[in-house]
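Structure first, then comments.
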Amino acid sequence: MGERPTFLIIGAGIAGLTTALAIARAGFDAVIAERAEALSEIGAGIQLSPNAGRVLADLGLDDAIATLALEPRLIDIRDGASGAVLTALPVEAFRQRYGFPYRVIHRADLQKVLADAVKAAHGVTLILGAVLDDVLARDDTLFAKLKGHRGEVMEVAGIIGADGVWSTTRDRVPGARGPVPTGRTAWRTVIPVDNAPASLPTDRVGLWLGPNAHLVHYPIAGGAAVNVVAIIAERWAKPGWNARGDYRLIAERLNGWSPEVRAILAAAATWQRWALNAVDPTGPWSSGATTLIGDAAHAMVPFLAQGAVMAIEDAAVLGDCLAATGGNAEPAFRAYEAQRRQRVTKVWNVANRTGEHYHAEGLTARVRDLALRAAGTRLILMQNDWIYRWRPNGATGETG
Ligand SMILES: Cc1cc2nc3c(=O)[nH]c(=O)nc-3n(C[C@H](O)[C@H](O)[C@H](O)COP(=O)(O)OP(=O)(O)OC[C@H]3O[C@@H](n4cnc5c(N)ncnc54)[C@H](O)[C@@H]3O)c2cc1C
């Protein structure tokens, strides 16, 4: 190994790329091994809440992200059946309260910002088309062998599995929890503004709630298109990310929803459908000099839009723990896991409860709607302070 310890990161998704930047900032080297031959992001859009913005700004990426992301004007929450507005949060309130905006961005744009920073970072190498083949330990030294690149063997100080919900690095962590079907599917499409119906404005995040389903949309690509995702309770578990969704099926699932929602469904040229799986965050994430990060450690349901944000937070904490231990993987990974577990588990559980809330029916839904109408921006944000106030360096943002 050279003078600086080298960490091998498996996977170049949001978790892997951000981790590489945090490791470089801590003063160590990183090699990212990505299975795909080219970087490509699954899904079109991503919401970046202020707690992600803070970490990305610390990594020097705020300007690049601000150029490509949008700050919507409103978050509109509506009843899916009647179309009635339950509440409308001015997004400016996030910037005022948390010091960072609530942004939406095309995933490919976020990935480009991260990948460009990785390319420019000192001591970070991205290897495409490579997976981890084997790990050998000899006299306290760890060697990792990659398959698919040049089959090279490298001396590494630690291995970080950022390989997503279907992680195989997880096999190196005894007792780690694996993916479990959530009984829900995500349906996704992108509608160019030229084809968008009036119910699909580009100045807001729209959230439509209904029994056993909800639909969310927000602008991407500088406002040229709208990302639409519907999450539906249905027992369909075909593995993979890119199965084609049949318009007739989603139209049937959302039968009885308002004409505005039905106009959105009809405007989409194609749908993609994938089954949502989750990984229980309470199992072990680390073993010796191997740890897991992002979805590999704790994939969650997307109701709080915090899965990638948690991966970004993870990366910052992992970098800080490595800095604090002088690059000593085992104590750093233990400290990282200890610092992250409670917060991630809380977010994971609240995401599940939010799903029940969004997909409620009957009396429970009526009570939810009354509460949303009564709450107002200040109360809604106050309830979420513990999520959005988080900052690296040990502060949790918990307000009690
Ligand atoms: C419908 C939906 C909407 C969402 N919206 C939001 C949102 O608005 N905000 C938010 O914060 N989160 C959101 N999420 C969650 C977010 O998408 C994930 O939490 C996030 O993408 C996880 O990133 P990751 O890097 O951990 O994993 P991934 O993005 O899955 O990346 C894993 C990478 O590892 C690679 N890989 C896999 N196996 C191997 C291997 N063996 N060797 C080498 N490489 C490998 C893959 O090719 C991939 O590049 C949403 C999720 C869904 C399903």
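Heads up: numbering here begins at 1 and tracks the sequence. Indexing begins at 1, ligand by ligand and atom by atom, following the structure's order. It should be emphasised that the depicted structure is a prediction, and the values quoted were computed from it without experimental measurement.
If you check the side chains of Glu337 and Thr291, you find no donor sitting under 3.5 Å from an acceptor. Defined by atom type and a distance below 3.5 Å, a donor-acceptor pair is present between the side-chain atoms of Tyr98 and Asp385.
Taking each of Arg170, Arg35, Gln272 in turn, the one with a heavy atom nearest to atom 43 (C) of ligand 1 proves to be Arg35. Considering each of Glu34, Glu313, Gln47, the one bringing a non-hydrogen atom nearest atom 9 (N) of ligand 1 is Gln47. The residue from Ala33, Ala15, Gly13 that puts a heavy atom closest to atom 33 (C) of ligand 1 is Gly13. Counting heavy atoms only, Arg107 comes closest to atom 17 (O) of ligand 1 of the residues Gln111, Lys147, Arg107.
Contact annotation: for Val229 versus ligand 1, heavy atoms closer than 4.0 Å belong to the side chain alone. Residue-level proximity to ligand 1 for Trp274 is carried by the side chain, the only part with a heavy atom below 4.0 angstrom. Residue contacts with ligand 1 for Gln306 involve N, CA, C or O but no side-chain atom from C-beta outward (heavy atoms, distance under 4.0 Å). The proximity of Asp163 to ligand 1, defined as any non-hydrogen pair under 4.0 Å, involves the side chain as well as the backbone. Of all the heavy atoms of Ala52, none lies under 4.0 Å from any atom of ligand 1, so neither backbone nor side chain is involved. The part of Ala130 lying near ligand 1 is the backbone, judged by heavy-atom distances below 4.0 Å. Contact annotation: for Thr169 versus ligand 1, there are no heavy atoms closer than 4.0 Å.
Considering both main-chain and side-chain atoms, Ala296 never comes within under 3.5 Å of ligand 1 through any nitrogen or oxygen pair. The shortest N or O to N or O distance between Ala305 and ligand 1 is below 3.5 Å.
A salt bridge is defined here as a Lys NZ or Arg NE, NH1 or NH2 lying under 4.0 Å from an Asp or Glu carboxylate O, and Asp79 with Arg373 fails to meet this definition.
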With ring pair (Phe, Tyr, Trp, His ring centres under 6.0 Å) as the test, would you mind laying out the steps for His359 and Phe303 before giving the verdict? CA-CA 10 Å; His359 288 195; Phe303 296 100; 5.2 Å; yes
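Of the inter-residue distances, the one linking Ile232 atom CD1 with Leu254 atom CG reads 4.5 Å to the nearest 0.5 angstrom.
Looking at Arg188, its side chain never comes within 3.5 Å of a backbone N or O of Asn227 through a donor-acceptor pair. With hydrogens and angles ignored, the 3.5 Å screen pairs no side-chain donor or acceptor of Arg184 with any backbone N or O of Ile231.
Leu74 and Val228 are members of different hydrophobic clusters when ILVMFWY side chains are connected at heavy-atom separations under 4.5 Å.
Close contacts between ligand 1 and Gly307 involve ligand atoms 10 (C), 11 (O), 12 (N), 15 (C), 19 (O) [criterion: under 4.0 Å to a heavy atom]. Remark: ligand 1 atoms within the under-4.0 Å shell around heavy atoms of Ala162 are 32 (C), 33 (C), 34 (O). Near Ile10, meaning under 4.0 Å from one of its heavy atoms, ligand 1 places the atoms 40 (C), 42 (N), 43 (C).
The one candidate from Leu132, Leu292, Ile10 that meets the side-chain contact (heavy atoms from CB on, under 4.5 Å) condition with Arg172 is Leu132. Partner of Glu313 under the salt bridge (Lys or Arg N to Asp or Glu O under 4.0 Å) criterion, chosen from Arg391, Arg340, Arg54: Arg340.
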